[in-house]
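So the structure is just underneath, and the comments pick up after that.
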Amino acid sequence: MPTHEIFVAGILLIGASFATAVLVVFKPANGSLPLSRRRPLGAPEQTAIGRFASSVVQLVDRALAGKKTTTVSSNSLLSLAGISLPQADFVVLVVAATMVAGFAGLVLQGIGLGLLLVVAVPVVARVALSILVQRRRAAFEAQLGDTLTMVSGGLRAGHSVLRAIDAVAQEASEPTASEFSRVVNETRLGRDLQDSLNEVSLRMKSEDFSWMAQAIEINREVGGDLAEVFDQVAETIRERTQIKGTVKALSAEGKLSAIILMALPVLLFILIGLANPKYMGALTGHPVGWMLLGVAAVMMTIGGIWVHKISDLKF
C-alpha cells in the first residue's frame, strides 16, 4: 500500500479513536431513574458518531460480562482507585489511546516504535491505576488517626457506633468518607457491621483499621469503654505514622535514584529517536539491535527490583 494511503487511513483511525474516547468520557451518566422517566418526551437523537461510540461500549460490556473473574477484578481496581467510570468505558479509552499511540509511533519512526507504544499504553494504564490505588490507600491510612478521634468523640456524645460512623462519613475527607458511607449503606441493607468493617480493612489493606474493627467486635462481646479504647488506638496509630514518615524520608533518596536511573535511558532513547530517526534506525533496524534492547530491558528490570528491595524497609 502506498505511503500516502497509509497516512490517510491512519488519520481517519486517529479521528475515530479520538471521537470515541471523547464521547465515552463526556457522555452523560445514567441516574437512578430510567431515561424514559427522566425525559418523558423521548431522548434526543444521537449522531452517527454517538451511536457508534455507544455500540462499541455496549459490545465491550457484553464481551466482559462473560468473563466474570476479569470483570470483578477490573471493577474492583477502578473502585479502589476512586474512578467512577464503568469498566467498558475504561477499556474503550485504553484501546483508543493504544491505537492513536501505535499509529503515531508508526508515522514518526516505523513499525518498531509503533509496536512498542502499542504494548506500552495498556501497561502504563494498569500502572497508573495501581498508583492511584496506592495513593488512595495511603490517604486512608494517614486519615485514620483523626478518623478514630472523630468516632471516639461521637461515642462520648452518646451516639451508637453506627451513628458515629455515619457522622464520620458525612464530615471526613476522601477516601474515608466514601469508605465509611459504604459501611453505613451496607449495614442499612442488612449486612453485619463487623463484616463491612472487615471488608474495608481488606480493601484498604490497613492493619491499623483492622484494630478498630477488632475493638468494636470485642466491645460487642464483653462491653467496656469503647471511646477510651479508640483514643489509645488512635495514639498508637499516630506514633506508627510518625515512624513510617521517618522511614519514608530516609529511603526517599534511594527510590528517587532508582526512578531516575531507570527513566533516563528510556527517555533518551525516545528523544534521540524523534530527533534523528536514521541514527536510531541502525539499532532498531537489525535483529542484533533488538536483542541488545531486550537484554538492556531485562538488566534494568533486575536493577530496579534490586534497588526497590534495598530501599523498601520493613519495621
Side-chain angles (χ1 to χ4, degrees), residues 10-11 13-27 29 49 52-140 174-175 178 203-205 255 258-260 262-271 273-274 293-294 296-298 300-301 304-305 308:
I11 293 297
L13 186 61
I14 290 178
S17 302
F18 181 76
T20 303
V22 170
L23 288 174
V24 168
V25 173
F26 296 103
K27 74 174 186 177
I49 298 179
F52 172 73
S54 300
S55 62
V56 169
V57 172
Q58 293 175 3
L59 181 62
V60 173
D61 196 13
R62 286 196 299 268
L64 294 175
K67 302 178 181 180
K68 296 182 180 180
T69 303
T70 304
T71 303
V72 172
S73 176
S74 180
N75 281 334
S76 299
L77 195 60
L78 290 172
S79 176
L80 287 174
I83 300 176
S84 57
L85 189 68
Q87 183 194 16
D89 293 5
F90 179 77
V91 171
V92 171
L93 284 176
V94 173
V95 172
T98 302
M99 295 169 64
V100 172
F103 178 75
L106 180 65
V107 172
L108 291 175
Q109 189 169 354
I111 190 171
L113 183 60
L115 291 176
L116 180 62
L117 292 178
V118 166
V119 175
V121 169
V123 174
V124 170
R126 182 66 183 230
V127 171
L129 278 181
S130 300
I131 292 175
L132 291 176
V133 171
Q134 293 176 2
R135 288 182 178 179
R136 194 167 184 268
R137 285 172 173 168
F140 181 84
E174 291 293 336
S178 59
R203 281 168 52 83
M204 295 289 105
K205 291 186 178 180
K255 294 180 179 179
I259 294 174
I260 294 175
M262 293 192 67
L264 188 60
V266 177
L267 294 177
L268 285 177
F269 178 82
I270 295 175
L271 290 176
L274 295 176
L293 289 175
V298 172
M300 287 180 59
T301 303
I305 295 174
H308 175 72

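No hydrogens, no waters, no symmetry mates; every other heavy atom, side chains included, goes into these values. Please read these numbers as outputs of a predicted model, since none were measured by experiment.
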Between [X] and [Y], what is the shortest heavy-atom contact and its length?
X      : Y      : value
Ile83  : Leu129 : CD1-CD2, 3.5 Å
Met262 : Gly304 : SD-CA, 3.5 Å
Val94  : Thr98  : O-OG1, 2.7 Å
Val118 : Gly102 : CG2-CA, 3.6 Å
Ala101 : Leu117 : O-CD1, 3.2 Å

About how many Å separate [atom2] of [Y] and [atom1] of [X], when rounded to the nearest 0.5 Å?
X      : Y      : atom1 : atom2 : value
Ile270 : Leu116 : CD1   : CG    : 7.0 Å
Met204 : Arg137 : CE    : CZ    : 6.0 Å
Phe140 : Lys205 : CZ    : NZ    : 14.5 Å

I'd like to know whether Leu132 forms a side-chain contact (heavy atoms from CB on, under 4.5 Å) with Leu80, so could you lay out the CA-CA distance, the side-chain angles of the two residues, the decisive distance to 0.1 Å, and finally the verdict.
CA-CA 8 Å; Leu132 291 176; Leu80 287 174; over 6 Å; no

Taken in chain and number order and not counting sequence neighbours, the residues that satisfy side-chain hydrogen bond (donor to acceptor under 3.5 Å, both in side chains) with Arg136 are Ser178, Glu179

For Ser130, does its backbone N or O pair with a side-chain atom of Arg135 as donor and acceptor, under 3.5 Å?
no

Stepwise side-chain contact (heavy atoms from CB on, under 4.5 Å) test for Met300 and Val266
CA-CA 10 Å; Met300 287 180 59; Val266 177; 4.2 Å; yes

Just do the side-chain contact (heavy atoms from CB on, under 4.5 Å) check on Val119 and Leu115 with the steps written out, would you?
CA-CA 6 Å; Val119 175; Leu115 291 176; 5.6 Å; no

